[in-house]
Every structure is written in structure tokens, then in C-alpha cells.
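Below is one structure, written out as C-alpha cells; the observations come after it.
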Amino acid sequence: MVQRIIERGEIESLDHTALPRLHLPEAAATLFTTRAARLRDLVDGKVEGIAFNSALAGYLGLIRDLILAQAEIAKSLTDADLDMPDQKSLDLALDHMMPPLAAQLKRPPVWRTILNRLIDKIADESNDARPELNAVLDSIRALSEEDLEDQANMILAQRHEEVNPAQAPFIAAALQVLWTARAAKLNQQKVPMLETFTLCPVCGSHPVASLIRIGGQSQGYRYLTCGMCSSQWHMVRVKCVSCEQNGKISYQGLDPIDAPSPAPAPVNKANDPRKYVRAETCGDCQCYTKIFNQEHDYNAEPFVDDLATLTLDVLVSELGFNRGNVNPFLWFGETE
Ligand SMILES: [Zn+2]
Ligand SMILES: [Zn+2]
């Protein structure tokens, strides 16, 4: 490899501190459109690193309808809908190292309007063909404002025992639309780092999975993806996403390539779909989080890729680990 001479000024720009600690989401409509396209590829079996489990097809089809509805509604949101905090509140959040768009603290009521629009769209498409689905949608319509705010709080706090697993994906989807659109409007430089890496610095929600990114100064670094606002924040590798310990971390993949073998191990090259997804398990808290590696699949989309890799959840739970964080579109019910 040819090494070129680096000028003085360039050395400064290569400074390691330039590592982007946060990637805010792109415009919400674009993000949800991309997510829906990825989900179609997953269901069509076009994603090499993920052996798609056909038992999930019906469920993921519904999730795709939901994400397409999210994209359409995101397009129609106005600045008034986003109800962004004023400069004073943003400065205050920065000074106090608080998430500027804390989803647990102050929710613009428009999120409930978004929820109604999502429900109407899904009901239209269901067209009486899915009576069970329609019953769930009707049960959400029957909730009072207070019940809805309460469910939103329980979902955001991941209080399994208080969450209605059938209603939760729709409620979470409405929150995602508003929070992703709001996060996209922030100035990255004005978002504080929190004292904990286990919560989103933008909205204070839980991460859904982690991603090793490629490209530019994020190359090879691990980012956690927020399950609500889709922001990605940096966290060092080989560290538990639940308890932040690093002493008993190991990795579980789906492929026997991970098992020791007498045959010479293949060279660790990029674009090996077998290495795309792993579970990072922690022996200290017995939790795990999935880690996707963009080196092995450029189109990585942690939120939906997580849903499509349930086989890995089953495998890791059989080894005695619990999911550290919930995917808000999939509630397993009670865990110990
Ligand atoms: Zn967030
Ligand atoms: Zn842990």
C-alpha cells in the first residue's frame, strides 16, 4: 500500500477525538422507507447472513405494513407537529447532560393523533380480512388519553409486566414516527453525552441492538441504535450494553463457523454473511444484545434485522441468557 505524506493540517483532522460519538437519524420518511425495503428483502430471503424463518412471515408482513404507514405519516408532519424544544431548553439539557428530547418527560400530544392515523391505515389495509388484528386496533381506539400515556410510559421503560404485548407495537410505532422526525432536526453538536451509555442520549430510551459501522471516521466502531428515535451512539466494543461490565463477554453466532474446528479457520475477511449477526452475551448480568456488523452486510438495519433473527434469540436464551433490551415491536411477555 502506498503511504502518502501527510501535511501538518491533515494530521490534526485525523485526530482520534474526531470519532463521531452520535449519528442522528436521516429524515424520518426516508428512514422508514429504507427500513420497509430492508424488511421486504429479509422476508424474500435476499439477506444472506440471515436465514429467514418462514414461521415469522405473517408477522413480519404486518410489521412491514406498519413501517410503510410510518413512512407515509412521517412525510406529512409539519414543523408545528414536531414541537421542538426552544433554544433555552436545549441549552439547559446540554448543561445538565440530559437527553434534549426525553420521551418519558414531555410528549407532544400529536403522537396520539399519529397513532390514530396509523391504526386507521392498518385497518384499511386489513379490510376485515384479519379479524384478530382489527380487534387489537379497536382495543387501542378504546383506550383513554390517560391509558395511552400510561402505556407509552410502560413501553418506554420496558416494564414487561405492565405492557399489553398486542397493542405495544402500534403505540411504539407512533412514538417512533414523532421521535425520529424530531431527532433528525437536532444539531448533533448540541446533544450531550449521558453518564450512562446504556440509554439514548437524544431521547433517553433503550437501545434495540448494536451495529459495527463502516465508513469514514466511524469505521470499525460500535454504535447502539435507539429503539425509539433511531439515533446511533458510540459505545466501546466488548462491553455489556446492559450493565457496562466487560469481564465476561462472549459471542454467539448462528453458524458453526464460530465453533473451534480442526480445519484451518477461514481468514477473517469482510463480506462474510456468516459473521453478520452475533449475540454479545454478558456473564455478569446474564443478558445479551445482538451485534450486527456492517462489514459483512452494507445494508445493515439493526431494528428490523433484530426482528428477523429470532432464531438467535432462541439459541441464546437456551444458553440461559435474557434479552437486555426489548424490541418495541416484539414483546416476549414476562421474563424472569
Ligand atoms: Zn433515542
Ligand atoms: Zn452485563
Side-chain angles (χ1 to χ4, degrees), residues 20-28 31-32 35 70 74 82 84-85 90 93-94 97-108 111 152-153 155-158 172-188 190-194 196-211 222-252 278-291 302-303 306 316-317 319-329 335-336:
R21 55 189 179 78
L22 177 69
H23 292 273
L24 291 171
E26 55 194 330
L31 182 134
F32 291 118
R35 197 172 266 185
Q70 286 181 300
L82 300 189
M84 292 298 282
L90 290 172
L94 189 59
M97 297 205 296
M98 296 285 287
L101 302 176
Q104 284 279 20
L105 293 184
K106 189 167 168 266
R107 287 191 289 272
W111 84 268
N153 283 332
I155 288 168
L156 289 163
Q158 304 205 334
L175 294 168
Q176 279 181 347
V177 171
L178 186 57
W179 260 265
T180 302
R182 298 177 92 209
K185 290 273 180 189
L186 286 176
N187 173 352
Q188 195 154 305
K190 298 285 179 189
V191 178
M193 284 320 281
L194 308 186
T196 172
F197 286 93
T198 62
L199 294 175
C200 173
V202 171
C203 76
S205 303
H206 291 266
V208 74
S210 63
L211 174 71
R222 182 256 287 269
Y223 288 83
L224 302 185
T225 300
C226 178
M228 280 298 148
C229 76
S230 318
S231 296
Q232 295 185 348
W233 67 99
H234 174 247
M235 185 190 201
V236 294
R237 287 167 76 162
V238 201
K239 186 172 191 152
C240 175
V241 173
S242 298
C243 73
E244 302 193 63
Q245 297 298 306
N246 58 11
K248 295 178 184 170
I249 300 290
S250 38
Y251 295 88
Q252 281 294 325
R278 291 193 183 171
E280 186 176 64
T281 61
C282 169
D284 279 307
C285 69
Q286 290 297 116
C287 285
Y288 72 92
T289 301
K290 283 180 204 159
I291 182 159
F303 190 84
D306 175 41
V316 183
S317 68
L319 296 172
F321 294 99
N322 299 310
R323 255 191 91 105
N325 294 290
V326 175
N327 185 309
F329 281 8
T335 56
E336 56 276 60

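The structure displayed is predicted, hence computed values, not measured ones. Indexing begins at 1, ligand by ligand and atom by atom, following the structure's order.
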Show me the donor-acceptor pairs within less than 3.5 Å that the side chains of residues 199-210 make with the rest of the protein, sequence neighbours left out.
residue, atom, partner, partner atom, Å
His206, ND1, Asn325, OD1, 2.9
Ser210, OG, Arg222, NH1, 3.2
Ser210, OG, Lys290, O, 3.4

- Side-chain donor or acceptor of Thr289 paired with backbone N/O of Arg323 under 3.5 Å: no
- Message: Looking only at side-chain N and O atoms, does Gln252 offer a donor or acceptor that is under 3.5 Å from a partner on Thr281?
- Response: no
- Can any side-chain N or O of Gln232 pair as donor or acceptor with the backbone N or O of His23 at less than 3.5 Å? no
- Task: Output, by chain and residue number, all protein N/O/S atoms separated from the Zn ion (ligand 1) by less than 2.8 Å.
- Result: Cys200 SG, Cys203 SG, Cys226 SG, Cys229 SG
- Message: I'd like to know if the side chain of Gln188 and the backbone of Leu22 have a donor-acceptor N/O pair within less than 3.5 Å.
- Response: yes
- At the Zn ion (ligand 2), what is the angle formed between atom SG of Cys282 and atom SG of Cys285, rounded to the nearest 10°? 110°
- Under 4.5 Å between any side-chain heavy atoms of Cys282 and Phe321, yes or no? no
